[in-house]
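Report on the following structure.
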Amino acid sequence: MNKVTKILSVMLLATAAVSCSDNDEPVIDVASEVAATYQGYSVASSRYFEGQLAPSQTVTVAKTAAGEVAVTYASDDFGTFNITSAKVSSTSASGVYTVTGSGKCKMGMGGNVSEYDCTLEGTVDKANPEVTEFTFNIPAVMGGLKIKFVPGELPAAVALPGDYDGYTDASCAYFPSNPADDQELTITAQEGSDKFTVKYVSSTWGEFTIKDVTATANGNKFTLAGSGSTLMGMGDTKTEYACTLEGTVDVADEANTLFTFKVPAVMGGLTIEFRLGTRPAEAE
């Protein structure tokens, strides 16, 4: 065999080896990889509000063709979204997929429902499900409405922080009921911790600060507990007292949300109950 023949033989063998290697590589059906029913929660923002939560949400992804899926999001809070031909792609074998597309959504109040254009941008991470999310954008609604859907349980760090407006009713050894309207309570997350700070500042009852509040999740309900102090008094004369907090935050039904502050050393034991919304007429 001469030198030229040897070179040609080596080249043919190399080509055959590469061809076999390519054929042995599995072909990933990206549409099937992301097709599933996802249970989770949504966070909505627009020009007029930030961080509106909606628990117990569902997004359904179904394969329609090679590399394409239909994405459906039917929400009692935000309406119905249909992305019929979303494209699925993956830039690596790491199990991270992007889902993009455009479609229609129907939104409105009561029987007054309108249809709007919307777009979808999604990420599905098979190895890290907590990174998975689907974001729907509706430019023509409320100056640009964005709804981010995240699979999984609603975390306390997302559900709890914010301002709570409501009313209180206080009782002690000297009176059974003393209501106060237009009350405000604030919950903030403590940086680098899974605990929270609750502040309740009231012209009627003083200033309450409860640090290191723990939050225990039970579905869409969170049980809060902690102890701290309150400054109470008349005029410029303020005295600090120890107090405790027990609370329940129900993201799905604010009527079940209740914060109870207890100050044992004041008026034979002062208890203040903070509820959301406006005090019912029958309670006045």
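Index from 1, following the sequence. Fair warning: this is a prediction, and the values are worked out from it, not measured in the lab.
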Beyond-backbone contact of [X] with [Y], side-chain heavy atoms, under 4.5 angstrom:
X	Y	result
Cys243	Phe208	yes
Gln39	Thr37	yes
Lys211	Val213	no
Leu154	Val251	yes
Phe274	Thr260	no

Can you check whether [Y]'s main-chain N or O pairs, donor with acceptor, with [X]'s side chain at less than 3.5 Å?
X	Y	result
Thr132	Asp125	yes
Thr230	Glu207	yes
Gln57	Pro55	yes
Thr248	Thr223	no
Lys199	Ile187	no

Can you tell me how far [atom2] of [Y] sits from [atom1] of [X], rounded to the nearest 0.5 angstrom?
X	Y	atom1	atom2	value
Asp250	Asn256	CG	CG	4.5 Å
Asp182	Asp165	CG	CG	8.5 Å
Asn112	Met109	CG	CE	9.5 Å
Thr204	Asn178	OG1	CG	7.5 Å
Met107	Cys118	CE	SG	9.5 Å

Less than 4.0 Å between a side-chain N and a carboxylate O, is that true for [Y] and [X]?
X	Y	answer
Arg279	Asp181	yes
Asp253	Lys221	no
Arg275	Glu273	yes
Glu68	Lys87	yes

Could you name each residue pair satisfying side-chain hydrogen bond (donor to acceptor under 3.5 Å, both in side chains) that touches residues 43-56, not counting sequence neighbours?
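Sorted pair list: Ser45-Glu50, Ser56-Asn220.
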Those residues at least two apart in sequence (or on a different chain) that pass side-chain hydrogen bond (donor to acceptor under 3.5 Å, both in side chains) with Ser42 are Tyr73
Using the benzene-type ring in the case of Trp, are the ring centres of Tyr164 and Phe259 under 6.0 Å apart?
yes
Answer yes or no: does atom [atom1] of [X] have more than 12 heavy-atom neighbours from other residues, nucleotides or ligands under 6.0 Å?
X	atom1	value
Glu115	CD	yes
Asp76	CG	no
Glu184	CD	yes
Asn82	CG	yes
Glu33	CD	yes

Evaluate ring pair (Phe, Tyr, Trp, His ring centres under 6.0 Å) for Phe261 paired with Tyr200, printing each intermediate quantity in order.
CA-CA 10 Å; Phe261 298 89; Tyr200 167 46; 5.3 Å; yes
Under 3.5 Å, is there a donor-acceptor pair between the Thr98 and Ser89 side chains?
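There is such a pair (donor and acceptor under 3.5 Å, judged by atom type) between the side chains of Thr98 and Ser89.
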Give me each pair satisfying ring pair (Phe, Tyr, Trp, His ring centres under 6.0 Å) with a member in residues 102-134, each pair once, sequence neighbours excluded.
Tyr38-Phe134
